[in-house]
Amino acid sequence: MGTKITLQVNGAAVTKEVEPSTLLVEFIREDLRLTGTHVGCDTAQCGACTVHLNGRAIKSCSMLAVQAEGAELTTIEGIAPANGDLHPMQAAFKACHGLQCGFCTPGMVMSAIDLVQHHAHGTEAEIRHHLEGNLCRCTGYQNIVKAVQQGAAGMGA
């Protein structure tokens with residue numbers, strides 16, 4: 001027997017019936033077909049599933065969909081302006097080559113936006129500390145840190 005949940009997803013009201021055991025990341029990917037949020041480890045270690053819930057970054061593989069009832073959810077698909085431009089953080093990741101294979105990038109971008117919104121002027125060490133929960137197997141993080149700094153400037157921080 002499913003449970004009906006209603007929430008705001010990328011600015012639009014959504015009402016769906018979900019099984020009580022459905023993870024939020026499964027709901028996002030399978031029910032909403034928003035596949036930019038990735039499933040990496042299923043243990044909240046890698047950060048590939050990072051989204052914003054009520055304005056804060058969370059790992060959606062560690063939360064049930066029913067726990068998001070009434071919440072405001074933003075996925076990587078919902079951060080760009082309606083005119084089709086990239087979000088300043090996305091543009092910075094592109095300009096600074098802050099990605100290689102791209103698997104970690106959506107979660108990394110979501111965590112970086114959260115960092116800038118809550119700690120606007122992070123030092124390199126603070127940026128690295130904040131991104132510890134987001135794993136990248138390709139880049140070595142140097143260009144990711146540069147991208148976060150450039151993205152922060154683009155966000156007006």
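Just so it is clear, the model here is predicted, and its values are computed rather than measured. Any value given below was found using the heavy atoms of this structure, including those in side chains, with hydrogens, waters and symmetry copies removed. Index from 1, following the sequence.
- Using modelled atom types, one finds a donor on one side chain and an acceptor on the other under 3.5 Å when comparing Ser111 with Asn134.
- Among the candidates Ile76, Val148, Asp114, Leu99, the single residue satisfying the side chain to side chain contact (heavy atoms under 4.5 Å, CB included) test with Val109 is Ile76.
- Residues Val39 and Met63 fall within the same hydrophobic cluster, defined by Ile, Leu, Val, Met, Phe, Trp and Tyr side chains chained together at heavy-atom separations under 4.5 Å.
- Taken from CE in Met108 to CD1 in Ile113, the straight-line distance is 13.0 Å, to the nearest 0.5 Å.
- Only one option out of Val66, Leu7, Thr37, Leu64 pairs with Phe27 in a side chain to side chain contact (heavy atoms under 4.5 Å, CB included); it is Leu7.
- Distance check: Leu23 CG to Ser60 OG gives 8.5 Å after rounding to the nearest 0.5 Å.
- Pairing each heavy atom of Leu53 with each of Ala71, the nearest pair is CD1-CB, 3.6 Å.
- Between Thr74 and Val51 the shortest side-chain heavy-atom distance does not fall below 4.5 Å.
- Between Tyr141 and Lys146 there is no side-chain heavy-atom pair separated by less than 4.5 Å.
- For the residue pair Glu77 / Thr75, a side-chain donor-acceptor distance below 3.5 Å is found, with atom types taken as modelled.
- For the atom pair CE (Met155) and CD (Gln150), the distance works out to 13.0 Å, reported to the nearest 0.5 Å.
- Scanning both residues, Cys61 and Cys49, for their nearest heavy atoms gives N-SG, 3.3 Å.
- Side-chain atoms of Lys4 and Lys16, non-hydrogen and from C-beta on, never get closer than 4.5 Å to each other.
- When side chains are defined from C-beta on, Ile127 does not count as touching Thr123, because their heavy atoms never get closer than 4.5 Å.
- In this structure a side-chain-to-backbone donor-acceptor pair under 3.5 Å is missing from His38 to Ala48.
- Between Arg128 and Glu132 no salt bridge is recorded (no basic side-chain N to carboxylate O distance below 4.0 Å).
- Rounding to the nearest 0.5 Å gives a distance of 5.0 Å between CD1 of Ile144 and SG of Cys104.
- Between the side chains of Arg56 and His118, at least one donor N or O lies within less than 3.5 Å of an accepting N or O.
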ask   = What do the steps show when you test Gln142 against Glu124 for side-chain contact (heavy atoms from CB on, under 4.5 Å), and what is the final call?
value = CA-CA 9 Å; Gln142 192 59 37; Glu124 181 177 338; 3.9 Å; yes
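- In terms of modelled atom types and a separation under 3.5 Å, the side chain of His87 and the main chain of Met89 share a donor-acceptor contact.
- Looking at heavy atoms from C-beta onward, Gln8 lies out of side-chain contact with Leu73 at the 4.5 angstrom threshold.
- For the residue pair Gly40 and Phe103, the shortest heavy atom distance occurs at CA-CE2, 3.9 Å.
- The two atoms that bring Thr50 and Gly107 nearest to each other are CB-O, 3.7 Å, heavy atoms only.
- The side-chain heavy atoms of Leu135 and Cys46, taken from C-beta on, include a pair separated by under 4.5 Å.
- Within the 4.5 Å cutoff, the side chain of Thr35 has no heavy atoms near those of the Ile28 side chain.
- With hydrogens and angles ignored, the 3.5 Å screen pairs a side-chain donor or acceptor of Lys59 with a backbone N or O of Ala44.
- Of all heavy-atom pairs between Ala68 and Leu24, the closest is CB-CD1, 4.1 Å.
- Counting only heavy atoms from C-beta outward, the side chains of Asn10 and Leu34 approach each other to under 4.5 Å.
- Looking only at distances, a side-chain donor or acceptor of Gln45 sits under 3.5 Å from a matching main-chain atom of Thr43.
- One distance of note links CD of Gln100 with SG of Cys136; it measures 6.5 Å at 0.5 Å rounding.
- Here the CD1-CD distance, from Ile5 to Gln67, works out to 10.5 Å after rounding to the nearest 0.5 Å.
- Counting all heavy atoms, side chain and backbone alike, Leu115 lies closest to His130 at CB-CD2, 3.2 Å.
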